[in-house]
Structure formats: structure tokens, C-alpha cells
Amino acid sequence: MRKQVIIGNWKMFKTNSEAKQFMEQAEKGFKTRPDLIAGVAVSATLLNTVKTNSKNLIVSAQNVHFEKSGAFTGEVSIPMLKDININYSLVGHSERREYFNDTDAVINKKVKALLEANMTPVLCCGESLETFEKGKTIEFVKSQLVADFAGVSKEDAVKVIVAYEPIWAIGTGKVATPEIAQNVCKGVRDIIADLYDQATADQVVIQYGGSVKPDNVKQILSQPDIDGALVGGASLEVASFLALLV
Ligand code: PGA
């Protein structure tokens, strides 16, 4: 049985004092369930604070470098994350692909480096509005996933969380209909089945992301191939974040 995984992506928001306050309140309000993994993906400066103040919520980085160390000014390495007990990182969020030159080749190196370190990559994929309107979503997402999973073994592939986030739905308030989201998440599962096999694909957790809010989360999560959500805006306030964990 796949678990449900709901992660708040704080993007470049919050100071340490705000993050600490959020975690204290969120941990108090979080009702744990054995089938649910929930948590937040935060900026590098907040990781230690959020981790220290977490109990049942998981803590994820938003990005990581694939090299263990080196002359990479401004970057954060996997050993640095492991040092403060961080076991998850987002990889290839569309904002990183667009503004920070995270190509599929780079993303593939990050996915492999995280898996090698026994960490969980939350691998983001998704198409632009133009690609969506041309009806080429699945073809495009396939090109991303084929490149991003290159050289990843079947045993490791099941440990990857895939987040399907149509770029046109991120931060726009335009959520994909549950039918569209289900259709593409099923498409993602089929792509993984083609790359590996159905049993592998059936184990992979697939999230939907893009304008998920407390009032639409239930409908999205009730789709058979959607196992969770990656949530930006609606994860910034404690009440709204907790309302996503239904
Ligand atoms: P949003 O962001 O929920 O604010 O649309 C989602 C994301 O970028 O992960």
C-alpha cells in the first residue's frame, strides 16, 4: 500500500522565528495517521530550526548539490543535510528548472546522489501552458522522467516520490481539474511501468501540485493515482497547512 505524502513547499518564505512558531503550532495540531507522511520543504537557513522543532512532521530541503563538497558557492551538499538529519529534498521544481538552470541532466545527478545517500528525492515534473494547450503533456513529462530516472535501479526507483506539477497551475489559482491531474498522474505511473515494470510503478508515490488548497485537496487526493500533494501558498499558514491533512 502506498502512503499518502503531503509536503508544504515554503519556497523563499519565512524567517527562523516564523518557522519555529509554525512548527510548534503545527506539531500541536497534527493528528498522525499511520498511512500519512506530512511535512514541509524549507529554505536552507531554516532547515536546522525546523528539524529541531519537528516531531512527527518530516522536513525536506528544497534543493541540493550533487557533489559531496567542492567549489560551488551558494550551494548545499548532501553531507551537510545529513549532518542535521534531513532525509528528503525536492529536486527539479519548475522554478529551479526555469531560473537556476536545473536541466534534466543535473536533476538526474541529484536524484542519483540522494538515493546513494539513502535520502528521498521528491522529483518534480510538469509542463508549461503552451505544452498543455498543444496536448503534449504526457510526451513532455515522459521526456523529463526518462532523463531524470536514467541509471536509477528498480530498487531505488520505488524510493523516489514524483510530484506532477503543471507549471500553469503553480501559484496561479488555476488548479488542474481532478480528471486532468488523475490522467497525468496515471500517465506518470505508466511511464515508470515502461521504464521498469508495473510492480515498481505501483509502489511509487505520485503527488499532484499546483494551487492545491484546503477546499480542493480532498477531491484531488481521492483520485486513484494521486497519492499526495506538494503545496506552496496554502502551506504557509498553520491552519491552512493542517486543513490539507485530511
Ligand atoms: P502552489 O505551489 O501550491 O502555490 O501553486 C505549488 C508548488 O510550487 O509546489
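When a residue number appears, it is its place in the shown sequence, counting from 1. Order of listing sets the numbers, starting from 1, for every ligand and every atom in it.
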Determine whether the side chain, the backbone, both or neither of I170 has a heavy atom under 4.0 Å from any heavy atom of ligand 1.
-> both

Decide whether N108 and K112 meet the rule of one side-chain donor and one side-chain acceptor closer than 3.5 Å.
-> yes

Could you list the atoms of ligand 1 found under 4.0 angstrom from a heavy atom of [X]?
| X | answer |
| --- | --- |
| K11 | 2 (O), 7 (C), 8 (O) |
| H93 | 7 (C), 8 (O), 9 (O) |
| G210 | 5 (O) |
| G233 | 1 (P), 3 (O), 4 (O) |
| A169 | 5 (O) |

Are A234 and ligand 1 in contact, using a heavy-atom cut-off of under 4.0 Å?
-> no

Give a yes/no verdict on whether any heavy atom in S211 is under 4.0 Å from an atom of ligand 1.
-> yes

Identity and distance of the protein heavy atom lying nearest atom 9 (O) of ligand 1 =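 Its nearest protein heavy-atom neighbour is E165 OE2, 2.7 Å.
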
Which of these, L230, V184, L123, sits in a side-chain contact (heavy atoms from CB on, under 4.5 Å) with Y164?
->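 Exactly one candidate clears the test, V184.
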
Pair listing, side-chain hydrogen bond (donor to acceptor under 3.5 Å, both in side chains) test, anchored in residues 66-76, at least two apart =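 Applying side-chain hydrogen bond (donor to acceptor under 3.5 Å, both in side chains) to every pair that reaches into residues 66-76, excluding sequence neighbours, yields nothing.
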
Fit a plane to each ring of F66 and F72, take the angle between them on a 0 to 90° scale, and name the class: parallel (under 30°), tilted (30 to 60°) or perpendicular (over 60°).
->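 Tilted: the ring planes of F66 and F72 meet at 30° to 60°.
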
Whether [Y] and [X] form a salt bridge (side-chain N of Lys/Arg under 4.0 Å from carboxylate O of Asp/Glu) is what I want to check.
| X | Y | answer |
| --- | --- | --- |
| K28 | E24 | no |
| D190 | K142 | no |
| D225 | K186 | no |

[X] to ligand 1: N or O pair under 3.5 Å?
| X | answer |
| --- | --- |
| T172 | no |
| G232 | yes |
| G171 | yes |

Please tabulate, for side-chain N and O atoms in residues 168-179, each donor-acceptor pair with protein atoms closer than 3.5 Å (sequence neighbours left out).
from	atom 1	to	atom 2	distance (Å)
W168	NE1	E127	OE2	2.9
T172	OG1	W168	O	2.8
T172	OG1	A169	O	3.4
T172	OG1	K174	N	3.0
T177	OG1	I180	N	3.0

